[in-house]
There are 2 protein chains.
Amino acid sequence: MGLRAKHKADRTERIIHAAAQMFRTLGFDAVRMEAIAALAGVSAGTVYNYFPTKGDLLVAIVSREVEEVLAAGEATVTDPPPDVVGALSQLVHGYYDHSLHYLSKDMWRTAMAMTIQSPEKPSSRNYVALDGRLQGQVVALIAALQARGHIRAALDPIAVGAMLFHNLDALFRMFVTTDQTLEALRAEVDRHHRAMAALMAV
Amino acid sequence: MGLRAKHKADRTERIIHAAAQMFRTLGFDAVRMEAIAALAGVSAGTVYNYFPTKGDLLVAIVSREVEEVLAAGEATVTDPPPDVVGALSQLVHGYYDHSLHYLSKDMWRTAMAMTIQSPEKPSSRNYVALDGRLQGQVVALIAALQARGHIRAALDPIAVGAMLFHNLDALFRMFVTTDQTLEALRAEVDRHHRAMAALMAV
DNA sequence: CTTCAAAAATGAACGAACTCCATTCTGCTG
DNA sequence: CAGCAGAATGGAGTTCGTTCATTTTTGAAG
(Lines give C-alpha, C1' and ligand atoms only; values in the text may rest on other atoms or scores of the structure.)
Protein backbone atom coordinates (compact mmCIF):
# COMPACT_ATOMS: atom_id res chain seq x y z
CA MET A 1 0.00 0.00 0.00
CA GLY A 2 1.41 3.35 -1.04
CA LEU A 3 1.68 6.31 1.26
CA ARG A 4 -1.31 7.89 -0.41
CA ALA A 5 -3.54 4.90 0.30
CA LYS A 6 -2.27 4.70 3.85
CA HIS A 7 -3.13 8.32 4.45
CA LYS A 8 -6.58 7.64 3.12
CA ALA A 9 -7.05 4.73 5.50
CA ASP A 10 -5.72 6.78 8.39
CA ARG A 11 -8.07 9.61 7.67
CA THR A 12 -11.03 7.26 7.39
CA GLU A 13 -10.19 5.84 10.80
CA ARG A 14 -9.73 9.24 12.36
CA ILE A 15 -13.01 10.50 10.99
CA ILE A 16 -14.91 7.40 12.10
CA HIS A 17 -13.43 7.48 15.57
CA ALA A 18 -14.02 11.18 15.99
CA ALA A 19 -17.61 10.88 14.81
CA ALA A 20 -18.33 7.79 16.91
CA GLN A 21 -17.04 9.46 20.02
CA MET A 22 -18.99 12.65 19.49
CA PHE A 23 -22.20 10.93 18.43
CA ARG A 24 -22.06 8.81 21.53
CA THR A 25 -21.40 11.59 23.99
CA LEU A 26 -23.44 14.40 22.49
CA GLY A 27 -26.07 12.62 20.41
CA PHE A 28 -26.28 12.56 16.63
CA ASP A 29 -28.22 15.77 16.09
CA ALA A 30 -26.12 17.85 18.45
CA VAL A 31 -22.90 17.14 16.54
CA ARG A 32 -21.92 19.48 13.72
CA MET A 33 -19.88 18.24 10.82
CA GLU A 34 -17.39 21.03 11.52
CA ALA A 35 -16.83 19.60 14.98
CA ILE A 36 -16.21 16.09 13.69
CA ALA A 37 -13.79 17.43 11.13
CA ALA A 38 -11.95 19.44 13.76
CA LEU A 39 -11.62 16.47 16.11
CA ALA A 40 -10.40 14.29 13.25
CA GLY A 41 -7.89 16.95 12.26
CA VAL A 42 -9.29 17.54 8.78
CA SER A 43 -11.47 20.12 7.13
CA ALA A 44 -15.21 19.86 6.81
CA GLY A 45 -14.95 19.46 3.07
CA THR A 46 -12.68 16.47 3.52
CA VAL A 47 -15.24 14.61 5.58
CA TYR A 48 -17.54 14.88 2.59
CA ASN A 49 -14.86 13.36 0.39
CA TYR A 50 -15.05 10.26 2.58
CA PHE A 51 -18.73 10.04 3.49
CA PRO A 52 -21.53 11.44 1.35
CA THR A 53 -23.68 12.58 4.28
CA LYS A 54 -23.67 12.79 8.04
CA GLY A 55 -26.11 9.88 8.07
CA ASP A 56 -23.86 7.70 5.94
CA LEU A 57 -21.05 8.35 8.35
CA LEU A 58 -23.19 7.09 11.21
CA VAL A 59 -24.37 4.03 9.30
CA ALA A 60 -20.77 3.14 8.52
CA ILE A 61 -19.99 3.25 12.23
CA VAL A 62 -22.98 1.11 13.15
CA SER A 63 -22.20 -1.37 10.41
CA ARG A 64 -18.82 -2.05 11.97
CA GLU A 65 -20.53 -3.04 15.17
CA VAL A 66 -22.84 -5.40 13.33
CA GLU A 67 -19.88 -7.05 11.63
CA GLU A 68 -18.28 -7.74 14.99
CA VAL A 69 -21.48 -9.23 16.32
CA LEU A 70 -21.81 -11.40 13.25
CA ALA A 71 -18.33 -12.82 13.73
CA ALA A 72 -19.09 -13.58 17.38
CA GLY A 73 -22.28 -15.41 16.41
CA GLU A 74 -20.50 -17.92 14.19
CA ALA A 75 -19.35 -19.97 17.14
CA THR A 76 -22.87 -20.57 18.41
CA VAL A 77 -24.14 -21.54 14.97
CA THR A 78 -21.42 -24.07 14.26
CA ASP A 79 -21.57 -25.67 17.69
CA PRO A 80 -24.94 -24.96 19.32
CA PRO A 81 -26.00 -26.10 22.81
CA PRO A 82 -28.39 -29.06 22.59
CA ASP A 83 -31.39 -27.40 24.18
CA VAL A 84 -33.36 -25.14 21.88
CA VAL A 85 -33.92 -22.29 24.33
CA GLY A 86 -30.28 -22.32 25.36
CA ALA A 87 -29.07 -22.22 21.77
CA LEU A 88 -31.35 -19.37 20.74
CA SER A 89 -30.57 -17.42 23.88
CA GLN A 90 -26.84 -17.82 23.50
CA LEU A 91 -26.95 -16.46 19.97
CA VAL A 92 -29.34 -13.62 20.64
CA HIS A 93 -27.86 -12.56 23.95
CA GLY A 94 -24.57 -12.32 22.09
CA TYR A 95 -26.18 -9.86 19.71
CA TYR A 96 -27.81 -7.83 22.43
CA ASP A 97 -24.97 -7.73 24.90
CA HIS A 98 -22.56 -6.21 22.41
CA SER A 99 -24.99 -3.68 21.04
CA LEU A 100 -24.18 -0.86 23.45
CA HIS A 101 -20.46 -1.50 23.59
CA TYR A 102 -19.48 1.27 21.19
CA LEU A 103 -22.86 2.68 20.30
CA SER A 104 -25.66 4.51 22.07
CA LYS A 105 -29.37 3.88 21.70
CA ASP A 106 -29.60 7.20 19.92
CA MET A 107 -27.06 6.04 17.34
CA TRP A 108 -28.97 2.82 16.77
CA ARG A 109 -32.24 4.66 16.35
CA THR A 110 -30.81 7.14 13.92
CA ALA A 111 -29.02 4.49 11.88
CA MET A 112 -32.15 2.36 11.69
CA ALA A 113 -34.13 5.40 10.63
CA MET A 114 -31.64 6.26 7.91
CA THR A 115 -31.61 2.80 6.41
CA ILE A 116 -35.38 2.57 6.39
CA GLN A 117 -35.91 5.97 4.88
CA SER A 118 -33.28 5.65 2.18
CA PRO A 119 -32.84 1.95 1.48
CA GLU A 120 -31.24 2.59 -1.92
CA LYS A 121 -28.15 4.36 -0.63
CA PRO A 122 -24.97 2.30 -0.71
CA SER A 123 -24.51 2.56 3.04
CA SER A 124 -28.08 1.36 3.57
CA ARG A 125 -27.66 -1.53 1.17
CA ASN A 126 -24.58 -2.60 3.07
CA TYR A 127 -26.40 -2.39 6.39
CA VAL A 128 -29.35 -4.36 5.06
CA ALA A 129 -26.98 -7.00 3.75
CA LEU A 130 -25.47 -7.35 7.21
CA ASP A 131 -28.96 -7.70 8.64
CA GLY A 132 -29.59 -10.44 6.13
CA ARG A 133 -26.50 -12.27 7.34
CA LEU A 134 -27.74 -12.04 10.93
CA GLN A 135 -31.01 -13.55 9.78
CA GLY A 136 -28.99 -16.22 7.99
CA GLN A 137 -27.32 -17.13 11.27
CA VAL A 138 -30.67 -17.65 12.97
CA VAL A 139 -31.89 -19.79 10.10
CA ALA A 140 -28.65 -21.77 10.20
CA LEU A 141 -29.06 -22.33 13.91
CA ILE A 142 -32.59 -23.64 13.47
CA ALA A 143 -31.42 -25.90 10.66
CA ALA A 144 -28.54 -27.18 12.81
CA LEU A 145 -30.87 -27.96 15.72
CA GLN A 146 -33.19 -29.70 13.31
CA ALA A 147 -30.37 -31.74 11.78
CA ARG A 148 -29.38 -32.88 15.27
CA GLY A 149 -32.96 -33.98 15.94
CA HIS A 150 -33.64 -31.40 18.65
CA ILE A 151 -36.66 -29.92 16.91
CA ARG A 152 -39.31 -31.34 14.61
CA ALA A 153 -38.14 -32.46 11.20
CA ALA A 154 -41.34 -31.27 9.57
CA LEU A 155 -41.02 -27.56 10.23
CA ASP A 156 -39.85 -25.02 7.66
CA PRO A 157 -36.50 -23.79 9.04
CA ILE A 158 -36.33 -20.79 6.73
CA ALA A 159 -39.77 -19.49 7.61
CA VAL A 160 -39.32 -20.17 11.31
CA GLY A 161 -35.83 -18.72 11.33
CA ALA A 162 -37.08 -15.61 9.57
CA MET A 163 -39.84 -15.21 12.13
CA LEU A 164 -37.45 -15.61 15.02
CA PHE A 165 -35.11 -13.05 13.52
CA HIS A 166 -37.88 -10.57 12.86
CA ASN A 167 -38.92 -11.00 16.43
CA LEU A 168 -35.52 -10.39 17.94
CA ASP A 169 -35.14 -7.42 15.64
CA ALA A 170 -38.46 -5.95 16.75
CA LEU A 171 -37.61 -6.46 20.41
CA PHE A 172 -34.29 -4.75 19.88
CA ARG A 173 -36.02 -1.85 18.18
CA MET A 174 -38.31 -1.57 21.17
CA PHE A 175 -35.25 -1.65 23.41
CA VAL A 176 -33.57 1.28 21.69
CA THR A 177 -36.75 3.33 21.48
CA THR A 178 -37.49 3.08 25.19
CA ASP A 179 -35.48 3.13 28.39
CA GLN A 180 -35.83 -0.63 28.75
CA THR A 181 -32.79 -2.27 30.31
CA LEU A 182 -30.73 -4.98 28.67
CA GLU A 183 -31.87 -7.32 31.39
CA ALA A 184 -35.53 -6.74 30.62
CA LEU A 185 -34.83 -7.20 26.93
CA ARG A 186 -33.17 -10.55 27.57
CA ALA A 187 -36.05 -11.66 29.75
CA GLU A 188 -38.58 -10.73 27.10
CA VAL A 189 -36.82 -12.52 24.28
CA ASP A 190 -36.32 -15.59 26.45
CA ARG A 191 -40.02 -15.72 27.06
CA HIS A 192 -40.62 -15.75 23.33
CA HIS A 193 -37.98 -18.39 22.84
CA ARG A 194 -39.57 -20.63 25.42
CA ALA A 195 -42.93 -20.29 23.69
CA MET A 196 -41.42 -21.17 20.35
CA ALA A 197 -39.30 -23.99 21.74
CA ALA A 198 -42.43 -25.59 23.15
CA LEU A 199 -44.03 -25.46 19.71
CA MET A 200 -40.97 -26.78 17.91
CA ALA A 201 -40.25 -29.65 20.31
CA VAL A 202 -40.21 -33.10 18.73
CA MET B 1 -68.10 24.66 18.30
CA GLY B 2 -67.31 28.36 17.96
CA LEU B 3 -66.23 29.96 14.76
CA ARG B 4 -62.65 29.96 15.93
CA ALA B 5 -62.64 26.22 16.55
CA LYS B 6 -64.28 25.55 13.21
CA HIS B 7 -61.66 27.55 11.37
CA LYS B 8 -59.03 25.60 13.19
CA ALA B 9 -60.55 22.28 12.17
CA ASP B 10 -60.92 23.45 8.59
CA ARG B 11 -57.34 24.55 8.38
CA THR B 12 -56.13 21.29 9.89
CA GLU B 13 -58.00 19.38 7.23
CA ARG B 14 -56.76 21.58 4.43
CA ILE B 15 -53.17 21.27 5.58
CA ILE B 16 -53.41 17.51 5.96
CA HIS B 17 -55.00 17.03 2.58
CA ALA B 18 -52.57 19.34 0.84
CA ALA B 19 -49.61 17.62 2.46
CA ALA B 20 -50.91 14.11 1.79
CA GLN B 21 -51.47 14.87 -1.85
CA MET B 22 -48.07 16.43 -2.37
CA PHE B 23 -46.17 13.82 -0.37
CA ARG B 24 -47.77 11.10 -2.42
CA THR B 25 -47.14 12.61 -5.82
CA LEU B 26 -43.75 14.23 -5.29
CA GLY B 27 -42.24 12.30 -2.39
CA PHE B 28 -41.64 13.59 1.11
CA ASP B 29 -38.25 15.21 0.57
CA ALA B 30 -39.22 16.96 -2.63
CA VAL B 31 -42.08 18.84 -0.98
CA ARG B 32 -41.29 22.18 0.59
CA MET B 33 -43.28 23.44 3.53
CA GLU B 34 -43.94 26.62 1.53
CA ALA B 35 -45.63 24.54 -1.14
CA ILE B 36 -47.87 22.72 1.32
CA ALA B 37 -48.81 26.01 2.91
CA ALA B 38 -49.59 27.54 -0.48
CA LEU B 39 -51.77 24.60 -1.53
CA ALA B 40 -53.58 24.73 1.79
CA GLY B 41 -54.06 28.47 1.40
CA VAL B 42 -52.09 29.51 4.47
CA SER B 43 -48.63 30.79 5.20
CA ALA B 44 -45.65 28.64 6.03
CA GLY B 45 -45.61 29.82 9.60
CA THR B 46 -49.21 28.79 10.08
CA VAL B 47 -48.45 25.20 9.24
CA TYR B 48 -46.10 25.26 12.21
CA ASN B 49 -48.92 26.43 14.43
CA TYR B 50 -50.67 23.17 13.63
CA PHE B 51 -47.81 20.66 13.32
CA PRO B 52 -44.48 21.00 15.11
CA THR B 53 -42.40 19.66 12.21
CA LYS B 54 -42.71 18.40 8.68
CA GLY B 55 -42.22 14.90 10.00
CA ASP B 56 -45.01 15.24 12.53
CA LEU B 57 -47.31 16.32 9.75
CA LEU B 58 -46.50 13.15 7.85
CA VAL B 59 -46.90 10.93 10.89
CA ALA B 60 -50.31 12.45 11.54
CA ILE B 61 -51.35 11.53 8.00
CA VAL B 62 -50.05 7.99 8.30
CA SER B 63 -51.69 7.55 11.69
CA ARG B 64 -55.07 8.22 10.13
CA GLU B 65 -54.51 5.36 7.74
CA VAL B 66 -53.58 3.04 10.61
CA GLU B 67 -56.75 3.98 12.46
CA GLU B 68 -58.85 2.99 9.45
CA VAL B 69 -57.05 -0.31 9.17
CA LEU B 70 -57.56 -0.97 12.85
CA ALA B 71 -61.28 -0.44 12.56
CA ALA B 72 -61.47 -2.80 9.59
CA GLY B 73 -59.61 -5.48 11.53
CA GLU B 74 -62.17 -5.62 14.33
CA ALA B 75 -64.55 -7.72 12.27
CA THR B 76 -62.01 -10.49 11.74
CA VAL B 77 -61.06 -10.59 15.40
CA THR B 78 -64.61 -10.82 16.72
CA ASP B 79 -65.67 -13.46 14.22
CA PRO B 80 -62.63 -15.28 12.82
CA PRO B 81 -62.73 -18.03 10.20
CA PRO B 82 -62.22 -21.44 11.82
CA ASP B 83 -58.98 -22.34 10.04
CA VAL B 84 -55.87 -20.76 11.51
CA VAL B 85 -54.20 -19.82 8.23
CA GLY B 86 -57.43 -18.36 6.89
CA ALA B 87 -58.00 -16.27 9.99
CA LEU B 88 -54.48 -14.89 10.10
CA SER B 89 -54.45 -14.19 6.40
CA GLN B 90 -57.79 -12.41 6.46
CA LEU B 91 -56.61 -10.08 9.21
CA VAL B 92 -53.17 -9.41 7.78
CA HIS B 93 -54.25 -9.08 4.16
CA GLY B 94 -56.70 -6.49 5.41
CA TYR B 95 -53.80 -4.54 6.83
CA TYR B 96 -51.65 -4.87 3.75
CA ASP B 97 -54.29 -4.25 1.12
CA HIS B 98 -55.25 -0.89 2.56
CA SER B 99 -51.72 0.29 3.14
CA LEU B 100 -51.21 1.93 -0.24
CA HIS B 101 -54.72 3.36 -0.55
CA TYR B 102 -53.82 6.89 0.47
CA LEU B 103 -50.12 6.51 1.14
CA SER B 104 -47.01 5.77 -0.85
CA LYS B 105 -44.16 3.49 0.14
CA ASP B 106 -42.02 6.59 0.53
CA MET B 107 -44.47 8.01 3.05
CA TRP B 108 -44.48 4.78 5.02
CA ARG B 109 -40.71 4.64 5.07
CA THR B 110 -40.35 8.20 6.19
CA ALA B 111 -43.01 7.90 8.86
CA MET B 112 -41.43 4.72 10.22
CA ALA B 113 -38.06 6.43 10.23
CA MET B 114 -39.43 9.42 12.12
CA THR B 115 -41.07 7.35 14.82
CA ILE B 116 -37.97 5.25 15.35
CA GLN B 117 -35.59 8.17 15.48
CA SER B 118 -37.71 10.33 17.79
CA PRO B 119 -39.91 7.98 19.80
CA GLU B 120 -40.56 10.57 22.50
CA LYS B 121 -42.40 13.02 20.29
CA PRO B 122 -46.17 13.12 20.79
CA SER B 123 -46.83 12.13 17.20
CA SER B 124 -44.50 9.16 17.58
CA ARG B 125 -46.10 8.10 20.83
CA ASN B 126 -49.47 8.17 19.15
CA TYR B 127 -48.20 6.12 16.24
CA VAL B 128 -46.58 3.58 18.53
CA ALA B 129 -49.82 3.29 20.47
CA LEU B 130 -51.67 2.50 17.25
CA ASP B 131 -49.06 -0.12 16.47
CA GLY B 132 -49.67 -1.58 19.89
CA ARG B 133 -53.37 -1.83 19.13
CA LEU B 134 -52.60 -3.67 15.90
CA GLN B 135 -50.50 -6.09 17.89
CA GLY B 136 -53.40 -6.39 20.31
CA GLN B 137 -55.66 -7.47 17.48
CA VAL B 138 -53.28 -10.24 16.49
CA VAL B 139 -53.05 -11.42 20.09
CA ALA B 140 -56.83 -11.28 20.39
CA LEU B 141 -57.18 -13.34 17.24
CA ILE B 142 -54.82 -16.01 18.55
CA ALA B 143 -56.68 -16.05 21.84
CA ALA B 144 -60.02 -16.37 20.04
CA LEU B 145 -58.78 -19.28 17.95
CA GLN B 146 -57.43 -20.89 21.07
CA ALA B 147 -60.72 -20.42 22.93
CA ARG B 148 -62.53 -22.11 20.07
CA GLY B 149 -60.13 -25.05 20.28
CA HIS B 150 -58.52 -24.47 16.89
CA ILE B 151 -55.00 -24.24 18.27
CA ARG B 152 -53.23 -25.81 21.20
CA ALA B 153 -54.42 -24.77 24.64
CA ALA B 154 -50.90 -24.90 26.04
CA LEU B 155 -49.32 -22.14 23.99
CA ASP B 156 -48.73 -18.60 25.23
CA PRO B 157 -51.08 -16.46 23.12
CA ILE B 158 -49.41 -13.18 24.06
CA ALA B 159 -45.91 -14.31 23.15
CA VAL B 160 -47.07 -16.03 19.97
CA GLY B 161 -49.28 -13.10 18.98
CA ALA B 162 -46.40 -10.70 19.55
CA MET B 163 -44.14 -12.80 17.38
CA LEU B 164 -46.70 -12.99 14.60
CA PHE B 165 -47.18 -9.25 14.73
CA HIS B 166 -43.46 -8.53 14.71
CA ASN B 167 -43.21 -10.78 11.71
CA LEU B 168 -45.95 -9.12 9.70
CA ASP B 169 -44.48 -5.77 10.63
CA ALA B 170 -41.02 -6.79 9.43
CA LEU B 171 -42.41 -8.17 6.18
CA PHE B 172 -44.27 -4.92 5.64
CA ARG B 173 -41.10 -2.95 6.28
CA MET B 174 -39.36 -5.08 3.69
CA PHE B 175 -42.23 -4.42 1.32
CA VAL B 176 -41.93 -0.65 1.60
CA THR B 177 -38.15 -0.64 1.37
CA THR B 178 -38.07 -2.63 -1.87
CA ASP B 179 -40.10 -2.77 -5.06
CA GLN B 180 -41.81 -5.96 -3.91
CA THR B 181 -45.43 -6.22 -5.05
CA LEU B 182 -48.40 -6.59 -2.73
CA GLU B 183 -48.97 -10.02 -4.21
CA ALA B 184 -45.48 -11.18 -3.32
CA LEU B 185 -45.89 -9.76 0.17
CA ARG B 186 -49.11 -11.70 0.67
CA ALA B 187 -47.50 -14.89 -0.60
CA GLU B 188 -44.57 -14.48 1.77
CA VAL B 189 -46.67 -13.84 4.85
CA ASP B 190 -48.93 -16.76 3.98
CA ARG B 191 -45.92 -19.03 3.89
CA HIS B 192 -45.01 -17.92 7.38
CA HIS B 193 -48.57 -18.37 8.56
CA ARG B 194 -48.68 -21.90 7.23
CA ALA B 195 -45.45 -22.71 9.05
CA MET B 196 -46.82 -21.31 12.29
CA ALA B 197 -50.22 -22.92 11.86
CA ALA B 198 -48.57 -26.30 11.55
CA LEU B 199 -46.75 -25.71 14.82
CA MET B 200 -49.82 -24.44 16.63
CA ALA B 201 -52.19 -27.17 15.45
CA VAL B 202 -53.81 -29.22 18.21
C1' DC C 1 -71.09 49.73 17.74
C1' DT C 2 -66.55 50.25 19.88
C1' DT C 3 -62.85 48.45 22.36
C1' DC C 4 -59.29 45.38 23.42
C1' DA C 5 -56.80 41.37 25.00
C1' DA C 6 -56.00 36.94 23.45
C1' DA C 7 -55.39 33.94 19.64
C1' DA C 8 -53.78 33.17 15.24
C1' DA C 9 -51.37 34.23 10.90
C1' DT C 10 -47.59 36.08 8.74
C1' DG C 11 -43.11 36.19 6.31
C1' DA C 12 -38.53 37.71 7.00
C1' DA C 13 -34.51 35.97 9.19
C1' DC C 14 -31.74 32.18 11.02
C1' DG C 15 -28.91 27.93 11.16
C1' DA C 16 -26.87 23.87 9.63
C1' DA C 17 -26.12 20.43 6.13
C1' DC C 18 -24.49 20.28 1.91
C1' DT C 19 -22.37 22.08 -2.72
C1' DC C 20 -18.91 24.37 -5.33
C1' DC C 21 -14.60 25.68 -6.57
C1' DA C 22 -10.21 28.16 -6.86
C1' DT C 23 -6.14 27.30 -4.51
C1' DT C 24 -2.61 24.73 -2.17
C1' DC C 25 -0.27 20.69 -0.93
C1' DT C 26 1.68 15.97 -1.56
C1' DG C 27 3.35 11.91 -3.24
C1' DC C 28 4.07 9.35 -7.43
C1' DT C 29 6.52 8.78 -11.96
C1' DG C 30 9.41 9.47 -15.97
C1' DC D 1 14.48 16.37 -9.83
C1' DA D 2 10.40 18.17 -12.40
C1' DG D 3 6.01 18.34 -13.04
C1' DC D 4 1.70 16.20 -12.94
C1' DA D 5 -2.43 13.99 -10.95
C1' DG D 6 -4.99 13.40 -7.05
C1' DA D 7 -6.39 14.98 -2.68
C1' DA D 8 -7.22 18.46 1.01
C1' DT D 9 -8.52 22.99 2.01
C1' DG D 10 -11.79 26.39 3.49
C1' DG D 11 -14.73 29.92 2.49
C1' DA D 12 -18.64 31.51 -0.16
C1' DG D 13 -23.15 30.20 -1.62
C1' DT D 14 -27.57 27.50 -1.66
C1' DT D 15 -31.42 25.34 0.28
C1' DC D 16 -34.96 24.32 3.46
C1' DG D 17 -36.83 23.48 7.77
C1' DT D 18 -37.71 26.09 11.55
C1' DT D 19 -38.20 30.28 14.61
C1' DC D 20 -40.03 34.60 16.16
C1' DA D 21 -41.21 39.45 16.35
C1' DT D 22 -44.83 41.72 14.30
C1' DT D 23 -49.35 42.29 12.36
C1' DT D 24 -54.00 40.89 11.76
C1' DT D 25 -58.19 38.74 13.18
C1' DT D 26 -61.42 37.27 16.46
C1' DG D 27 -65.33 37.51 19.54
C1' DA D 28 -66.83 38.87 23.98
C1' DA D 29 -67.63 42.84 27.17
C1' DG D 30 -69.20 47.44 27.88
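In what follows, chains carry the letters A, B, and so on, assigned in the order in which the sequence lines appear, proteins first and then strands, with residues in each chain numbered from 1. Given the structure is predicted, the values throughout are model-derived calculations rather than measurements.
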Roughly, in whole Å, what's the span from CG in B:L57 to C1' in D:dC16?
15 Å
Quick one: are B:R109 and B:K105 in side-chain contact, heavy atoms under 4.5 Å?
yes
Under 4.0 Å, counting only non-hydrogen atoms across every strand here, what does A:F51 touch: a base, just sugar-phosphate, or nothing?
nothing
Kindly compute the distance separating CG (B:L134) from CG (B:L168), expressed to the nearest 0.5 Å.
8.0 Å
Could you pull out the protein-nucleic contacts involving nucleotides 26-30 of chain C (nitrogen or oxygen on both sides, under 3.5 Å)?
residue : atom : partner : partner atom : Å
C:dT26  : O2   : A:R4    : NH2          : 3.2
C:dC28  : OP1  : A:L3    : N            : 2.8
C:dC28  : OP1  : A:R4    : N            : 3.0

Can B:D156 and A:R194 be counted as an ion pair, charged N to O under 4.0 angstrom?
no
Measure the distance from CG on B:L26 to P on D:dC16 and round it to the nearest whole Å.
13 Å
Nearest-0.5 Å distance that lies between atom NE2 in A:H101 and atom CD in A:E65:
8.5 Å
Please report the closest heavy-atom contact between A:G73 and A:Q137, naming both atoms and the distance.
C-NE2, 3.6 Å
In the 5'-to-3' direction, what one-character label does each nucleotide of nucleotides 10-24 of chain C receive under the scheme B = base within less than 4.0 Å of a protein heavy atom, S = sugar-phosphate only, - = no such atom?
BB----SSB------
Just how far is it from atom CG of B:L171 to atom NE2 of A:H166, taken to the nearest 0.5 Å?
5.5 Å
Any chance the rings of A:F175 and A:W108 have centres within less than 6.0 Å?
no
Partner of B:S89 under side chain to side chain donor-acceptor pair (under 3.5 Å), chosen from B:D83, B:T76, B:D190
B:D190
Provide, to the nearest angstrom, the distance between the NZ atom belonging to A:K8 and the C1' atom belonging to D:dA8.
12 Å
